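Beneath this line is the structure, given in structure tokens, with notes to follow.
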Amino acid sequence: LSQDIRHIKGSWSPRAFYSLSQWTQTLAWHLIPIIAFLASAAFVFYRDKVQKDPAGLRFRRAFSTANKKIKKGLEPSGSIPIAGLLADAFLGYMADKLNISASTMTLPTAQQALKTNFPKLQNKTLEQVKTIWEELNMLQFAPSEARSSDYKGMAHQVQHLLQILEKELR
């Protein structure tokens, strides 16, 4: 009778542990393709979700796009008017963050959209937006009064304001 029970219970010998270890190693190798498949499916799902939301994509890429334009304007090429690039960078950033067309956006519409879409935005920041907007218009449409140091100073002011806006518009 005791021999029959021992046969049913089985024995845990080192040999049995070794076969269990082999089984878990084999299972791990079989899980790698499954994990890779699930990761690729999750990536495809995320990419499709991001591509279906162009406004969100514009919102997320606004800061990097504006910084690239400002850096391009600071290059000493001279062929591209820096005032136009600065204005384009700033207005493009505002348009992307507010989901408004840059060609139809005016200062009052931008201020109103900032107030309604981002109620926690500080009044000081709104005043800075107004000041930079007006100074960029002066540099862009009345360039005879500006010096090259004015353009570089304005570029740094625009970059600083964009950094502030990026922190506050999250």
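It should be emphasised that the depicted structure is a prediction, and the values quoted were computed from it without experimental measurement.
Under the 4.5 Å side-chain heavy-atom criterion for grouping Ile, Leu, Val, Met, Phe, Trp and Tyr, L91 is connected to V129 within one hydrophobic cluster. Under the 4.5 Å side-chain heavy-atom criterion for Ile, Leu, Val, Met, Phe, Trp and Tyr, I164 and L121 are members of distinct hydrophobic clusters. Both L165 and F118 are assigned to one and the same hydrophobic cluster, defined by single-linkage of ILVMFWY side chains at heavy-atom distances under 4.5 Å. F63 and L86 fall within the same hydrophobic cluster, where Ile, Leu, Val, Met, Phe, Trp and Tyr residues are linked whenever their side-chain heavy atoms come under 4.5 Å apart, directly or through other members. By the criterion of side-chain heavy atoms lying less than 4.5 angstrom apart, applied directly or through intervening Ile, Leu, Val, Met, Phe, Trp or Tyr residues, L136 is not grouped with F141; the two fall into different hydrophobic clusters.
Taking both residues in full, the closest heavy atoms of Q140 and A87 are given as OE1-CB, 3.3 Å, listed atom of the first, atom of the second, then distance. Heavy atoms only, all atoms of each residue included: A95 and S101 are closest at CB-C, 4.3 Å. Here the closest heavy-atom approach between residue T116 and residue P119 is recorded as O-CD, 4.0 Å. The shortest non-hydrogen separation linking L98 to M105 is CD1-SD, 4.3 Å. Between Q111 and L126 the shortest heavy-atom distance is NE2-O, 4.0 Å.
Looking at heavy atoms from C-beta onward, Y93 lies in side-chain contact with E166 at the 4.5 angstrom threshold. Annotation: side chain of T109 is not in contact with side chain of T104 (no heavy-atom distance under 4.5 Å). Side-chain contact between F90 and I70 is absent, with no heavy atoms from C-beta onward closer than 4.5 Å. The closest side-chain heavy-atom distance from H156 to Q159 is below 4.5 Å. For the pair Q157 and T131, the minimum side-chain heavy-atom distance is 4.5 Å or more. Side-chain atoms of M94 and L114, non-hydrogen and from C-beta on, do get closer than 4.5 Å to each other.
Atoms CD and CG, on Q112 and N117 in that order, are 9.5 Å from each other to the nearest 0.5 Å.
Sorted by first and then second residue, the salt bridge (Lys or Arg N to Asp or Glu O under 4.0 Å) pairs with a member in residues 52-62 read R58-D96; sequence neighbours excluded. Residues in residues 119-143 take part in no salt bridge (Lys or Arg N to Asp or Glu O under 4.0 Å) pair, two or more places apart or across chains.
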